[in-house]
Each structure stands twice: as C-alpha cells, then as structure tokens.
Amino acid sequence: MGALNLLELAARKGARVLQSSTSEVYGDPDVSPQNEDYRGLVNTMGPRSCYDEGKRAAETLFHDMHETRGVDVRVARIFNTYGPRMDPEDGRVISNFIVQALKGEPMTIYGTGEQTRSFCYVDDMLDGLMALMECETCGAMPVNLGNPGEFTMNELADLVQKMIPTHGGSVYCDLPKDDPRQRRPDITRAKGLLNWAPKVTLRVGLVPTVAYFSKELELSQVRPATGMVEGGAA
Ligand code: UDP
C-alpha cells in the first residue's frame, strides 16, 4: 500500500520515485552470483515470505505504473548493507557480532556458519543510490547494488574477533528457517549504467563500524533507561 501511495503521488506530481528493493527478491538462490535476470527461489509460506513477496509485489507495481502510466521509476535491489548508525539491536549479523564481541559475550553463529553474504559499506550504497536516481537512461529496470566480496559467517566472525581482542568467543545456534545459503550480487549492470562499483572492502568498512558501536555502547551506559522521565520513573 505504501508503494502504491507513493507511485500515485509520483504520477500526480511527475516525480521520479525510487524503490529500495532487496536481494531478498532472489530468495534462497540456486545460482551465484545473482544477476537481475534471475527470477529467484522464494518460499511463499515461510517466516521471511511476507518481506520477500512484499518487495516482489512492489517491484511489479513499479514496473506496471511505469508501463501503463509512464511514472519515472528506479528500482535498486539492495544487498546486505552495514556501517555507522545501524541499530545495535536490529538483530542482523554485523550488529549482533560486533555488539556481542564488544560486551565479551559469545557471538551467535547460526547454523554451520558456512552460509555466505556480501556486505556493502553504507557510503558505497549511498553513492550507488544517488547515481541511480541521477541516471537518465536507467528506466524501470532493476539494478543490483551491493559489494561482490562474499564471506561465510565463520569468516565474518573471525574478522570481528581479530578486531576486538576482548571478544567472548562464539557459539553455534539453530539456523532460522529459509535462511538463504548464499548471496552475492552480479553488479555488471550497475557498473555499465552508473559507472559505479563499491570501493570499501569489508575489512576497511568494519573499522568505523566497530568504532561507532563502541561509542553507542558507552553512551547507552550513561543514558537514562527507556521510560524514565525527569523527576521519576514513567
Ligand atoms: N546470523 C548469524 N548470527 C546472528 C545473526 C545472523 O549467524 O546473530 C546469520 C543469519 O543466519 C544469516 C546471516 O547471518 O545467514 C545474515 O543475517 P542478516 O539477518 O544480517 O541478513 P539476511 O539474512 O537478511 O541477509
């Protein structure tokens, strides 16, 4: 409904509108890397399905509004992105591992840790999104934005442990249902259309990210607990 509302507004105003779509449209892909022509392997009835299918349906709405009403749309398929200003409690792997390591708690590796992801630093992602919005020839075709550097969760855990010597080791936990086994963007289209490619490697991007989380944790120790107001507890 949000996508449809924005598309209607864009149609009325003649505005260009961006869909921040996702690599999740590829589901649990059986090809690697994933290019934009791959149609995905998505379970319609799993715990991730409403997100995956919601984004897929929104892509269809963007496509149809472009075809039938001439709305000026752009569609970015965003792969895993990280960096300063993430929510320390969002439950994603980079935030979880860094926060756990900083607290000296074991990092929770789900499954065998051999599943892969490709992590893009936020500054690179923003450059890609800006380039896509400024592109005059891109039209409605979806464009993968992400960093093709692919890592297993075990490799990520090792990297974080090397950066935070006071870490508390790691522990293996159950793998969530329908967790994709691999994910890696083919960014040929983005390179060709936008002259864009990520510049920041995971090793380099983790440095400001760890510094940010460390500061956040310090601040959370001096901030009053949620729900407290001046003069007493809410
Ligand atoms: N993961 C993990 N430990 C955590 C959080 C996530 O091993 O504490 C794994 C998760 O199972 C997945 C990968 O890390 O295989 C990336 O998870 P995230 O939620 O960050 O992104 P997504 O699965 O949406 O790509």
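Both ligands and their constituent atoms are indexed starting at 1 by order of listing. Note: hydrogens, waters and symmetry copies are ignored here, and every other heavy atom, side chains too, is used.
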Open item on the list: Taking ring-ring contact (aromatic ring centres under 6.0 Å, His included) as the definition, give me every residue that meets it alongside Tyr121, ordered by chain and number, with sequence neighbours left out.
Closed with: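 Per chain and number, Tyr121 pairs via ring-ring contact (aromatic ring centres under 6.0 Å, His included) with Tyr82.
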
Open item on the list: Is any side-chain heavy atom of Leu202 closer than 4.5 Å to one of Arg117?
Closed with: no

Open item on the list: With a 4.5 Å cut-off on side-chain heavy atoms, are Phe79 and Arg183 touching?
Closed with: yes

For [atom], what's the nearest protein heavy atom and its distance?
atom: atom 10 (C) of ligand 1; answer: Asp179 OD1, 3.4 Å
atom: atom 1 (N) of ligand 1; answer: Tyr110 CD1, 3.3 Å
atom: atom 21 (O) of ligand 1; answer: Asn80 ND2, 3.3 Å

Open item on the list: Evaluate Val93 for polar contact with ligand 1, using N/O atom pairs at a separation under 3.5 Å.
Closed with: yes

Task: Gln100-ligand 1 polar pair, N/O distance under 3.5 Å - done: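 Between Gln100 and ligand 1, no N or O pair is found under 3.5 Å apart.
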
Task: By salt bridge (Lys or Arg N to Asp or Glu O under 4.0 Å) - contacts of Asp87 (at least two apart) - done: none

Quick check on contacts: which atoms of ligand 1 are under 4.0 angstrom from a heavy atom of [X]?
X: Phe97; value: 3 (N)
X: Ile109; value: 7 (O)
X: Thr108; value: 2 (C), 3 (N), 4 (C), 7 (O), 8 (O)
X: Arg183; value: 22 (P), 25 (O)
X: Asn96; value: 4 (C), 5 (C), 8 (O)
X: Met153; value: 13 (C), 14 (O)
X: Gly91; value: 5 (C)
X: Arg92; value: 19 (O), 20 (O)

Open item on the list: Walk me through whether Gln100 and Thr108 qualify under side-chain hydrogen bond (donor to acceptor under 3.5 Å, both in side chains).
Closed with: CA-CA 8 Å; Gln100 289 160 343; Thr108 51; 3.0 Å; yes

Open item on the list: Looking only at side-chain N and O atoms, does Asp186 offer a donor or acceptor that is under 3.5 Å from a partner on Thr188?
Closed with: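 Yes, Asp186 and Thr188 have a side-chain donor paired with an acceptor closer than 3.5 Å.
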
Task: Tyr26 side chain to Asn144 side chain, donor-acceptor N/O pair below 3.5 angstrom - done: yes

Say whether [X] and ligand 1 are in contact under the criterion: heavy-atom distance to a ligand atom below 4.0 Å.
X: Ser95; result: no
X: Glu24; result: yes
X: Arg48; result: yes

Using a strict cut-off of less than 4.0 Å between a Lys/Arg side-chain nitrogen and an Asp/Glu carboxylate oxygen, indicate whether [X] and [Y] qualify as a salt bridge.
X: Glu53; Y: Arg56; result: yes
X: Lys177; Y: Asp28; result: no
X: Glu136; Y: Arg16; result: yes

